[in-house]
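Shown next, in structure tokens, is the structure this report addresses.
Both counts, for ligands and for their atoms, begin at 1 and track the order of listing. Note that the coordinates shown come from a computational prediction; the quantities given were computed from them, not determined experimentally.
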Amino acid sequence: MHRLTRRALIGTIAGALAGVALLSSTVHSAWCVLIGILVGAAYAAANRPARYAYVDNLMAASALGLPIWGLVSVIAIPLLTGQTPQWGAHQMRTHFPALMGWVLYGALLGLLTQAFADLAERLFGPELEEEVVAPPTKKRIVILGGGFAGMKTAECLEEQFRTDPSVAITLVNETNALLFTPMLAEVAGSSLEPSHISTPLRSSLPRTEFIRGTAVAVDFENRRVRLTGGAANGAPGNSDIRYDQLVLALGSVSNYLGMANVERLAFNFKTLLDAIRIRNRVIEMFERADAEPDSLKRRPLLTFVIAGGGFAGVELAGALNDFARGILADYPRLQPQDLKVILVHARDVILPELSESLGRYAQKRMEARGVIFRLNARLSDVSPGVVMLSDGDVQADTLVWTAGTAPNPLLKLLPLERDKRGAVIVEKTLAVKGHPGVWALGDCAAVLDSETGKPCPPTAQFALREAVRLARNIQAQLEGRPLKGFHFDSLGALCVVGHQTACAELTVPFVRSKSMRFSGLLAWAMWRGIYLGKLPGIERKIRVLMDWTAELFFPRDVVQTIDLK
Ligand SMILES: Cc1cc2nc3c(=O)[nH]c(=O)nc-3n(C[C@H](O)[C@H](O)[C@H](O)COP(=O)(O)OP(=O)(O)OC[C@H]3O[C@@H](n4cnc5c(N)ncnc54)[C@H](O)[C@@H]3O)c2cc1C
């Protein structure tokens, strides 16, 4: 018999007996016995029986007597017999026997229900449990890092496992947004609002559990990740999360090549906060220089050194130069010749990622706008007010370091095979060697192209394509299908070198060795079009487009948003 039917039957018998015994004598109404039967059936059906719980049942069902008395004896019966319910002291005295009747009825109902339930269990055995449909075993895929690689992996997994509830996806990241690094220089140069180049991870990945936290250790044996600042299981603080498949997408950090003073004194240029700090630093230096009457002391305040002539350094130098020269108008006491933006590069041509001719073009255009180049020079040390280069010191209060990156230092703490940069060595399928169910991609992984055998560069372009392959390989592994190697032909590279000027080198489709080069306004328009298209989220695209439009009509903003003192 179904458990609810059995309970209702028990309640009906108990309710009938209690009703006849107590209600018929005290409440004097056949209606009340009927109601007693119904209440008994409902009471018993709603309560899962526990063995010998007489006291619990006695108390619970007695308490039920009070509201039923109010509803039935005080309100319903007078209404049914054409009278108006009365609440006065006199009427209450009249209703008192009924109250006692209902409370006693409840007590007896509780006792009888329990007694019949115990008897039924003895005679017929325990209630039949409903057939429980076992929830499908959840396979948990945990992704560490919500940058280009991590977010794209989660996005692809969401799509692939859209209709499969047996797979749970968890993404852990230090911040709650994806930073669109190609536009970071524009934030430092005050062209874009910081939050406009950050895409919120929670709303972008609806099927993924997002945890804002920092992974600090991985226990590969027990398949657990230790987090700090995470809120796994709803509790902030240190927590462990279990995984079946683990994706390492931890990115990279600045590598100061062992120069402790540089690490201590230089500005970093990797995160949104770095870009905000740099912008505020420029404004702060202008304010201080404006208040400084001594021209000798003013110069280091207005000298900004950027170490590293790769994409990040060149884009930053171009953006800062435009920004600083643009805001000079707000500081009439400062002279253009006081301002210096110096780019230090260890080779004789900047932008080694592009052809030499484009590197030289970029250098010429930037020089024409006032950027100073210190080529074939190495930064050796820094002290407050002095940047030491291999070909002579520079008096400067601001140094930004973009000259080296290294894979995330957490990887050093993990028992994984790494290359000399510190990146995790992976198979061509992006699986980590010797650790089944562990994968790595993006800047933190040493990936070899499965067709060319060449190392894949640490760029967003590659991280995004690796993510697509990795997500497919995870699915293939879970479904017992063969995995495929990662292959991608670079689409080319674009770099903005200053106001409405860029360099672009795009690969000719299907002809790997051939590329097309663009420069100047056309390349700049291509840069804006391509990266606006790649910026995730329509809302962010509109915001960035609005910032760019405002920039055409209004001067750069010199409001300091954080206090650097
Ligand atoms: C200024 C700048 C401009 C660039 N421009 C371009 C460009 O134009 N084109 C291009 O292709 N590439 C560009 N790059 C490179 C590109 O940003 C990287 O290659 C890309 O971000 C790598 O993606 P990733 O997911 O591996 O790492 P990231 O995007 O760095 O993501 C790593 C994520 O992991 C998180 N994380 C780190 N440690 C932990 C931890 N312990 N626990 C939890 N989370 C953690 C970080 O917060 C971060 O969100 C640029 C880089 C910079 C800095």
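Using a distance-only test at 3.5 Å, with no hydrogens or angles considered, no donor-acceptor pair links the side chain of E174 to the main chain of T214. For D449 (side chain) and F488 (main-chain N/O), a donor-acceptor pair under 3.5 Å exists by modelled atom type. At least one donor-acceptor pair closer than 3.5 Å links the side chain of N473 to the backbone N or O of T429.
Within the structure, ligand 1 has G213 among the residues with a heavy atom less than 4.0 angstrom away. Within the 4.0 Å heavy-atom shell around ligand 1 one does not find T175. Residue F269 places a heavy atom less than 4.0 Å from ligand 1.
Side chains of R469 and L441 form no contact here, defined as non-hydrogen atoms less than 4.5 Å apart. Proximity of L179 to L184: side-chain heavy atoms (C-beta onward) are separated by under 4.5 Å at one or more points. The closest side-chain heavy-atom distance from F180 to T199 is not below 4.5 Å. Looking only at side-chain heavy atoms (C-beta outward), L178 and L201 come within less than 4.5 Å of each other.
When only modelled atom types and interatomic distance are considered, R281 and T398 share a side-chain donor-acceptor pair under 3.5 Å. Defined by atom type and a distance below 3.5 Å, a donor-acceptor pair is present between the side-chain atoms of E158 and T208. Inspection of the T405 and K270 side chains reveals no N or O donor paired with an N or O acceptor under 3.5 Å.
Sorted by first and then second residue, the side-chain hydrogen bond (donor to acceptor under 3.5 Å, both in side chains) pairs with a member in residues 358-368 read E356-R360, Y361-R365; sequence neighbours excluded. Note on residues 186-196: pairs passing salt bridge (charged side-chain N to carboxylate O under 4.0 Å, His left out), not counting sequence neighbours, are E186-R528.
Of the protein's non-hydrogen atoms, N408 ND2, 3.2 Å is the one closest to atom 37 (C) of ligand 1. The protein atom (non-hydrogen) at minimum distance from atom 34 (O) of ligand 1 is G145 CA, 3.3 Å. The closest protein non-hydrogen atom to atom 52 (C) of ligand 1 is T181 CB, 3.8 Å. Nearest non-hydrogen protein atom to atom 19 (O) of ligand 1 is D443 OD1, 2.9 Å. Closest protein heavy atom to atom 31 (O) of ligand 1: G147 CA, 3.2 Å. In terms of protein heavy atoms, atom 39 (C) of ligand 1 is closest to L250 CD2, 3.4 Å. When only non-hydrogen protein atoms are considered, atom 36 (N) of ligand 1 lies nearest to E174 OE1, 3.6 Å.
Not one N or O of A312 is nearer than 3.5 Å to an N or O of ligand 1, by distance alone. Residue L441 has no N or O atom closer than 3.5 Å to an N or O atom of ligand 1. At least one N/O-N/O distance between A460 and ligand 1 falls below 3.5 Å. Below 3.5 Å of separation, one finds an N or O of F148 facing an N or O of ligand 1. Backbone and side-chain nitrogen or oxygen atoms of Q461 are examined, and one is located within less than 3.5 angstrom of a nitrogen or oxygen of ligand 1.
More than 12 heavy atoms of other shown residues, nucleotides or ligands fall within 6.0 angstrom of atom CZ in R421.
Which parts of ligand 1 touch G442 is read off a 4.0 Å heavy-atom cut-off, strictly below it: atoms 26 (O). Taking every non-hydrogen atom of P458 and a distance limit under 4.0 Å, the qualifying atoms of ligand 1 come out as 19 (O). Taking every heavy atom of G251 and a limit of under 4.0 angstrom, the matching atoms of ligand 1 come to 26 (O), 27 (O), 30 (O), 32 (C).
With a 4.0 Å cut-off on non-hydrogen atoms, A149 touches ligand 1 through its backbone as well as its side chain. By the criterion of a heavy-atom distance under 4.0 Å, neither the backbone nor the side chain of L494 is placed next to ligand 1. Under 4.0 Å from ligand 1, the heavy atoms of Y531 that appear belong solely to its side chain.
Distances from atom 42 (N) of ligand 1 to the heavy atoms of A249, A215, A445, S490 show the closest one on A215. Looking at A467, P182, P457, P409, it is P182 that brings a heavy atom closest to atom 6 (C) of ligand 1. Nearest-residue assignment for atom 46 (C) of ligand 1 (options N173, L316, T214, T271; heavy-atom criterion): N173.
Remark: R162 engages E159 in a salt bridge, criterion side-chain N to carboxylate O under 4.0 Å.
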